[in-house]
Amino acid sequence: MKPVPYDLIVIGSGPGGYSAAIRAGQYGLKTALIEKQGRLGGTCLLVGCIPTKALLQTADVWQRFVHSEDEGIHCENPRLDFPKVKERKDGIVGKHSNGVALLLKRAKVERIAGYATLAGGGKVEVQSGTGTQTLEARNIIIATGSEARMLPGLEPDAEFILTNVEILDLTAVPKSLIVIGAGAVGVEFASMFRRFGTDVTVVEMLPRAVPVEDEDISKELERSFRKQKIRVETGARAENIRKTGEGVRLTLTTRDGKQEELEAEKLLVAVGRKPNTANIGLEKTRIELDRGFLRVDGHQQTAEPGVYAIGDVVAGTPQLAHVATREGMIAVAHIAGKAAVPINRNRIPGCTYTEPGIGSVGLTEAQARAQGRQVRVGRFPFAGNSRATILGHHEGFVKVVADEKYGEILGVHIIGPEAFELIGEAVAAMEAEATVEVMMQAIHAHPTLYEAVGEAFNAVYGLAINA
Ligand SMILES: Cc1cc2nc3c(=O)[nH]c(=O)nc-3n(C[C@H](O)[C@H](O)[C@H](O)COP(=O)(O)OP(=O)(O)OC[C@H]3O[C@@H](n4cnc5c(N)ncnc54)[C@H](O)[C@@H]3O)c2cc1C
């Protein structure tokens, strides 16, 4: 009988796939990773988390130059060299993509270039420039990720109608930009280009920006965006989108039913991401779908024996890089016969790198109340935090949602400076099942931003000192 060559084949090299393959290598499993693109790293590394944060970092530095007089620093005619900004971003992406290749090599993961489809019975077909080969494995992980959804009738074109892919390739700052969709991707690009000097309008169909966040967070972000002269239209519709030759024009219907023609140099469509689950051979398996996403159990197993799914293709978990990675760890641990703790959806941090930034974990106040919890809320503004004032970023607040009875921490929602870093304390506290009282005793160094988190825990019992 022919030996089964692989213990595991991973399809896709995003943060889910490459991390899973490395962990499998660490466990001594004979592993192959198949990737259809020339470069490794998937959406996150090539056209998502990393390039956006690289540009957002530059936007932050640029803002400091523009407003340097506030700190007593006089800069004569600071100039933004956007091609150079792009080059830096591309360099960061390239460095980390090469790093993934090295890590895979070190973990003895075989890298196979090509487009993979499931062929049933543990087989995977790989098509590449050199032909088609069929591989066999005891286990398969589908980590094929997602791509930008488009509005019906629209096609991205690199010049006027853009997704996250095309906008990251711009070599000049546009004069004006309309962003459709105020989820994390939409608001991050809005915040980035506004700081680079673009006139930005954000159009969102739902009643509020960042709709998955606590309502107070949405309100604060919208308030701050408007202060920064970003036009935010929520509960609004963008229709009749057409190219004019010099840009894009559309009909905006606002929340109160008023219609207006909007025009901009560029349009970014950021209305969500569809899972890459078409044309991967699902019909040859028993895998079940939920509106295009793959159904899995707590160990990331699909209904097809030996086939797992992780990351953006999975139904029911948010499309985030760290979720993809954690799901990969769970799947591989299960395959290797090690302890595999299912993901706890209430302990997944969400981070949005706007100005001000957002970091959150757990239940929103509304969700906690809807569950019938006796809720106590503690809130502390960054205006009362000396480090925030020193940094010149004192907008926003920390909000703790706790259960009245035992002081259980149900959720923490931060908007303000470095919110995406500060949320780490809340994630660790919730994972360790620390109560509000325990977190009130934790000593927070001074002067730090995370003192604001400590103060918010105290605020649950009305005991904050600096506000
Ligand atoms: C603009 C933007 C910013 C983002 N910022 C953040 C952030 O700050 N933090 C965060 O947590 N998340 C962020 N995300 C989301 C994050 O990028 C995704 O959640 C993450 O990349 C999902 O990882 P994945 O491994 O599931 O899939 P992906 O990263 O999408 O990777 C899938 C890989 O599979 C390959 N592939 C697909 N089909 C096949 C096939 N048939 N054969 C071979 N290879 C195939 C693809 O080429 C790709 O390389 C952002 C997304 C976008 C678009």
Side-chain angles (χ1 to χ4, degrees), residues 9-21 32-57 89 93 97 100 111-119 124-128 135 140-149 162-169 179 181 183-192 268-282 293-294 296 300 308-314 317-329 331 348-354 357-359 420 423:
I9 288 179
V10 180
I11 307 175
S13 74
Y18 88 73
S19 308
L33 178 124
I34 308 170
E35 172 55 57
K36 67 174 183 179
Q37 295 188 69
R39 292 194 299 167
L40 299 171
T43 303
C44 170
L45 190 39
L46 304 177
V47 289
C49 327
I50 303 306
T52 51
K53 273 79 226 178
L55 292 177
L56 282 157
Q57 167 62 21
K89 177 265 291 177
V93 169
S97 182
V100 171
R111 184 178 157 188
I112 298 170
Y115 186 92
T117 43
L118 302 167
V124 176
E125 229 173 65
V126 187
Q127 287 166 281
S128 67
L135 308 172
I140 298 166
I141 295 181
I142 304 171
T144 49
S146 63
E147 59 187 48
R149 277 188 205 282
L162 317 172
T163 69
N164 62 299
V165 176
E166 298 79 22
I167 199 166
L168 286 167
D169 264 341
V179 178
V185 171
V187 294
E188 280 187 359
F189 279 112
S191 178
M192 176 197 300
L268 172 69
V269 181
V271 294
R273 309 211 24 106
K274 64 170 186 246
N276 290 328
T277 52
N279 309 318
I280 57 165
L282 292 181
F293 292 87
L294 308 184
V296 295
Q300 306 301 132
Y308 295 72
I310 61 171
D312 281 9
V313 288
V314 168
T317 40
Q319 292 179 305
L320 293 168
H322 41 283
V323 173
T325 303
R326 168 62 31 203
E327 290 177 343
M329 299 301 106
I348 299 173
C351 297
T352 307
Y353 291 66
T354 36
I358 300 170
F420 23 82
I423 199 63

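Remember, it's 1-based here, ligands and their atoms both numbered in the order they're listed. Just so we're clear, the structure is a prediction, and the values are computed from it rather than from any experiment.
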Exercise for review: List the atom of Ser146, the atom of Asn276, and the distance in Å for their closest heavy-atom pair.
Suggested key: N-ND2, 3.4 Å
Review point. With hydrogens left out, which residues have an atom under 4.0 Å from ligand 1, given that only heavy atoms count?
Key: Ile11, Gly12, Ser13, Gly14, Pro15, Gly16, Gly17, Ile34, Glu35, Lys36, Gln37, Gly42, Thr43, Cys44, Val47, Gly48, Cys49, Thr52, Lys53, Gly114, Tyr115, Ala116, Ala143, Thr144, Gly145, Ser146, Asn164, Val185, Phe189, Arg273, Ile280, Gly311, Asp312, Gln319, Leu320, Ala321, His322, Ala324
**Study point:** Nearest heavy-atom neighbours spanning Gly12 and Leu33
**Key:** O-CD1, 3.6 Å
Review item, side-chain donor-acceptor pairs of residues 34-44, under 3.5 Å, at least two apart:
residue, atom, partner, partner atom, Å
Glu35, OE1, Ser13, N, 2.9
Glu35, OE1, Ser13, OG, 2.8
Glu35, OE2, Gln37, N, 2.8

Revision key, fill the gap. Residues at least two apart in sequence or cross-chain that pass side chain to side chain donor-acceptor pair (under 3.5 Å) with Asn164, listed by chain then number, are Arg273
**Study point:** Those residues that, when tested against Lys274, pass salt bridge (Lys or Arg N to Asp or Glu O under 4.0 Å) (two or more places apart)
**Key:** Glu147
Revision key, fill the gap. When every non-hydrogen atom of Phe420 is compared with those of Gly357, the smallest separation belongs to CE2-CA, 3.8 Å
